[in-house]
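Naming: A, B, ... by sequence-line order, numbering from 1 per chain.
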2 protein chains.
Amino acid sequence: MQPQTPAPPPSTGRALEHPARGAIRLEDVLHALSDPMRLRVVRTLAGEARELACSDIELPVSKSTTTHHFRVLRECGVINQIYRGTAKMNALRREDLDALFPGLLDSVLLAADGQDLRSGGSAGGGG
Amino acid sequence: MQPQTPAPPPSTGRALEHPARGAIRLEDVLHALSDPMRLRVVRTLAGEARELACSDIELPVSKSTTTHHFRVLRECGVINQIYRGTAKMNALRREDLDALFPGLLDSVLLAADGQDLRSGGSAGGGG
DNA sequence: GGCGTACTACGAGGGTTATCGTACGAGGGA
DNA sequence: TCCCTCGTACGATAACCCTCGTAGTACGCC
């Protein structure tokens, strides 16, 4: 589909470590999801159909703290991160999570939405 | 729903505080479930159809630590605790959790079972 | 090559948590 | 009544986690 766009070179050389599917631990995933900031990131990622850069997801914390949360999410296997130029794109590892823990991610997202509705607030959930 | 319960002496006088259904927070539940000891307790409780005393669930930690974990589970709304004589009976708050977070508990239990199978071990899961 | 943007690494601080040991209250049985 | 079991409270400790600021690296663009 790209006429002569300089084929988006993914990882420019820097590689990021991700746990293999089999190495993803339920406890780690639950722990990652139990943090409000990280849950917000996951919900935003789930709402968008595309990858998002770290800076696309605004969190009410500092830059370094944001980096920390993204790292936690990556290291526990919840998201996939790849470098694209100066940006780092993030995507949910839906297939892996659904294969390992069927229905878990969906029920968490649903629960988060429901809780927001009950709290009378609007948070990251919807698109 | 028990037809003939021989001894229904409920709380002996000491009352325990539980959060109302509406006060249960998803993040707290996920956090509670992210601890291996507490997850084991929840799985054991889910496997048994009846209430279990604290001492019925053996954990590889000291008694005071066990008390701590049960307290966390109760305060975040995952389990219900009532005194019965010298024992304290524990039960999952399935109805509340299912009403608030449909499918969440089941998917967590399923995920935990699946993970155990993959790890080649048999843990608390059961039913 | 120079500049700006995006993200990281490091070190630090403040709060929370998991763990333990010990001493103590509550209830049931002999 | 005495004693045993069950669970609790308290104090202590070490580890963890979230947060931040600053300095630094990698990349794209001009």
A.B. asks: Report, one line per pair, each donor and acceptor closer than 3.5 Å where one atom sits in a side chain of residues 51-61 of chain B; sequence neighbours left out.
C.D. replies:
unit_1	atom_1	unit_2	atom_2	d
Glu51(B)	OE1	Arg84(B)	NH2	3.1
Asp56(B)	OD2	Ala53(B)	N	2.9

A.B. asks: Can you measure Tyr83(B) atom OH to dG27(C) atom C1' for me and round it to whole angstrom units?
C.D. replies: 12 Å

A.B. asks: Is the closest basic N to carboxylate O distance between Arg94(A) and Asp106(A) below 4.0 Å?
C.D. replies: yes

A.B. asks: Please report the distance, rounded to the nearest Å, between CG in Leu52(B) and P in dG7(D).
C.D. replies: 11 Å

A.B. asks: Find the distance between CD (Gln81(B)) and CD (Glu17(B)) and round it off to the nearest 0.5 Å.
C.D. replies: 12.5 Å

A.B. asks: Would you find a donor on one side and an acceptor on the other, under 3.5 Å apart, between the side chain of Arg38(B) and the backbone of Ala32(B)?
C.D. replies: yes

A.B. asks: Any side-chain N or O of Arg38(A) under 4.0 Å from OP1/OP2 of dC18(D)?
C.D. replies: yes

A.B. asks: I need the CG-P distance between Asn90(B) and dG7(D), as an integer number of Å.
C.D. replies: 8 Å

A.B. asks: Is the number of heavy atoms from other residues, nucleotides or ligands under 6.0 Å of Arg21(A) CZ greater than 12?
C.D. replies: yes

A.B. asks: Check the distance between dA26(D)'s P and Met89(A)'s CE and give it to me in whole angstrom.
C.D. replies: 21 Å

A.B. asks: Which residues in residues 66-77 of chain B have at least one heavy atom lying under 4.0 Å from any atom of DNA chain C?
C.D. replies: His68(B), His69(B)

A.B. asks: So that I can tick it off, tell me whether Arg43(A) and Asp116(A) are bridged by a salt bridge, with the cut-off set at under 4.0 angstrom between side-chain N and carboxylate O.
C.D. replies: yes

A.B. asks: Roughly, in whole Å, what's the span from CG in Asp56(A) to C1' in dC7(C)?
C.D. replies: 13 Å

A.B. asks: Report yes or no: do Ser34(A) and Ser34(B) form a side-chain donor-acceptor pair below 3.5 Å?
C.D. replies: no

A.B. asks: Counting side-chain heavy atoms from CB outward, which of dG28(C), dC18(D), dT19(C) is closest to Asp35(A)?
C.D. replies: dC18(D)

A.B. asks: Taking atom types as modelled, find out whether Thr67(A) and Ser64(A) have a side-chain donor-acceptor pair closer than 3.5 angstrom.
C.D. replies: no

A.B. asks: Quick one: which of dC7(C), dC6(D), dC17(D) gets closest to the side chain of His31(A)?
C.D. replies: dC17(D)

A.B. asks: Got a sec? Which of residues 57-65 of chain A come in under 4.0 Å of DNA chain C, heavy atoms?
C.D. replies: Lys63(A), Ser64(A)

A.B. asks: What is the separation between atom CD1 on Ile82(B) and atom P on dC6(D), rounded to the nearest whole Å?
C.D. replies: 18 Å

A.B. asks: Could you give the CZ-to-P distance, from Arg84(A) to dC7(C), as a whole number of Å?
C.D. replies: 12 Å

A.B. asks: Could you tell me the separation between the CE atom of Met89(B) and the CZ atom of Arg50(B), rounded to the nearest 0.5 Å?
C.D. replies: 6.5 Å

